[in-house]
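Please read the structure below before turning to the comments.
Throughout, protein chains are lettered first and strands after them, A, B, ... in sequence-line order, and every chain is numbered starting at 1. The structure presented is a predicted model; accordingly, all values stated were derived computationally and were not measured.
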Amino acid sequence: LVTTASRPSSRRCTCSRPPLPSHAPAPGRRFLARRPSFRHFPACHHILSITAAACCTDSCSLPTLLQVKYDLYGVRSCVINALAYLAQGKENPNWNSGSDSKMLIPQTKNIGLPLMNLMRFKGLPILQQLHIEEQLLRTSSENWCIVNDGTNDPTIVMGVSGKPAELLEIESVLDDQVPVIRRFTGGGTVIVDHGTVFVTFICNKEAVPNLQPYPRPIMSWSSSLYSKVFQGIGDFHLRENDYVFGNHKFGGNAQSITKNRWIHHTSFLWDFNVQNMSYLKHPKRAPAYRSARSHLDFICRMKDYMPRSTFMDKTVEATETQFSLRPIQLEAIRTCSEAEFCPSSRFLTNEELEAAAVALQS
Amino acid sequence: MALRMWASSTANALKISCSSKPNVSLAFSLSRCFSTVLDGLKYANSHEWVKHEGPVATIGITDHAQDHLGEVVFVELPEPGGAVSQGKGFGAVESVKATSDINSPISGEVVEVNSKLSETPGLINSSPYEDGWMIKVKPSSPSELESLMGPKEYTKFCEEEDASH
């Protein structure tokens, strides 16, 4: 970087966007003019690509270091403007809308990796999680990872085509008023509670290079990611769409695939209540490796293999090898309104469960 | 992989040349690992097919799609009388652990739905172009068919898609 003592350059930005109302040295003055409020800064989409020769003295971009000599006052303006953008990025909720400018920080950390938003929850109700997931799948164009550390109340969650009469001990479920949800993804039935850890990936179909957006390739990709998490632990592998240690299942998977995006979510049995398993029947469609074993002989607890926080941290680390992660708070997502999107995951009513029980008996 | 691609191309070429009548059911297949592409149909890049016969067009998913999806266990279809739009979802299939959207290759009004699929969703796997048809539609814009792929174009599309992954 070479500086001269010359007066501020009058060169203008050569990109198609108009110059930004940013900080600039006051003409004819040797000290910096007052910086305008950063709330007036619009998003800058060319901050990484523009040359200093074009924008240094009267716009917001950081100079390209190897090009052109800069005026000292112009350099100071650029630095102040860049700092203003970084500050804006942390405060301005509009940066969640898809503007390129919000990528400034992640791009400089992990240049070349696709961006993925990371949301972490603890005890988020499972229905709320499912609603958020379906909304993001259907209405967002970004990649997302959601980690929910447990859910509040024990809840039965069936796949999209699940039949209560075939899958549940309905009388017990009704007697004990266990909530039952039909979710929007495929797959089987689980009962989840505070001992369940949920991890979800929602991706554009181009997000993972060379990955065809079909069930088996997505399942295979996910298992390779978790292989990094469980490396050397417990003989982890993917077996007929389940995550197992040996031949004991500890993670169940489900997916939904749209034209251009897909979701893959997993419920991990970090711990479970033995009593809760009694609400579930032995399913008609079971993987061959289950070999007709009862629930308790078929599943195992992840707590016997890995601490809970270690699992979640390692999962995030493994994800970071393929994506540039950006933490996002729930408030940053626009809330669902009936006019925009209505999720399909819902509680089954007592009437529906009772009707299913009656139909089974008849 | 290269041998499979060559064999697939050869098999598809043979099938196209001998399947000139759209109503001929294609019972022959060298191997289930080859995807069948029928002559006389039009194809969408989301792997649905459409057969236009007079005022009605029949829609389903291709052999390539059912092969990649796996065993279909559940099908969700619209009601007759509903509208479908080109490129937009009209239903879904569940296979193994996944629901996958089915997108309509053309716009129009649903006039008939294959009710057999509720009891026997596996027809989509065993007979994707015949018994596994999904909906019949009265097209609202017949010109939309011209934007779809023909058999040879679709075969090449599938080969390129498989080769790039």
### Query
What part of B:Glu161 lies closer than 4.5 angstrom to a heavy atom of chain A: side chain, backbone, both or neither?
both
### Inter-chain contacts: residues 94-108 of chain B against chain A, heavy atoms under 4.5 Å
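At a heavy-atom separation under 4.5 Å, chain A is reached by B:Glu94, B:Ser95, B:Val96, B:Lys97, B:Ala98, B:Thr99, B:Ser100, B:Asp101, B:Asn103.
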### Query
Is a donor on one side and an acceptor on the other found under 3.5 Å between the side chain of A:Arg261 and the backbone of A:Ile202?
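Pair absent, no side-chain N/O of A:Arg261 close to backbone of A:Ile202.
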### Message
Given 3.5 Å as the limit, does a donor-acceptor pair link the side chain of B:Asn125 with the main chain of B:Val72, or not?
### Response
yes
State whether a side-chain donor-acceptor pair under 3.5 Å links [X] with [Y].
X: A:Glu352; Y: A:Thr349; value: yes
X: A:Ser140; Y: A:Glu142; value: no
X: A:His282; Y: A:Arg293; value: no
X: B:Glu53; Y: B:Thr58; value: no

## Note on the structure
Note: vs chain B, highest number of non-hydrogen pairs under 4.5 angstrom among A:Gly159, A:Ser161, A:Ala254, A:Ser256 is A:Ser161
### Query
So which residues of residues 215-229 of chain A are in contact with chain B at a heavy-atom cut-off of under 4.5 Å?
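Residues A:Pro215, A:Arg216, A:Met219 are the ones that qualify, each having a heavy atom under 4.5 Å from chain B.
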Please state whether the side chain, the backbone, both or neither of [X] comes within less than 4.5 Å of a heavy atom of chain B.
X: A:Asn260; answer: neither
X: A:Thr185; answer: backbone
X: A:Asn241; answer: both

### Task
Return the set of residues passing ring-ring contact (aromatic ring centres under 6.0 Å, His included) with B:Tyr43 (not counting sequence neighbours), or none when no residue passes.
B:Tyr154
Over all heavy atoms of both residues, which pair between [X] and [Y] is shortest? Give the atoms and the distance, please.
X: A:Ser267; Y: A:Val190; result: OG-CG1, 4.0 Å
X: B:Leu69; Y: B:Val93; result: CD1-CG2, 3.6 Å
X: A:Asn204; Y: A:Trp262; result: O-NE1, 4.0 Å
X: A:His295; Y: A:Leu280; result: NE2-O, 3.1 Å

### Task
Name all residues meeting the salt bridge (Lys or Arg N to Asp or Glu O under 4.0 Å) criterion together with B:Lys156; count only those two or more places apart in sequence or in a different chain, and write none if there are none.
B:Glu160
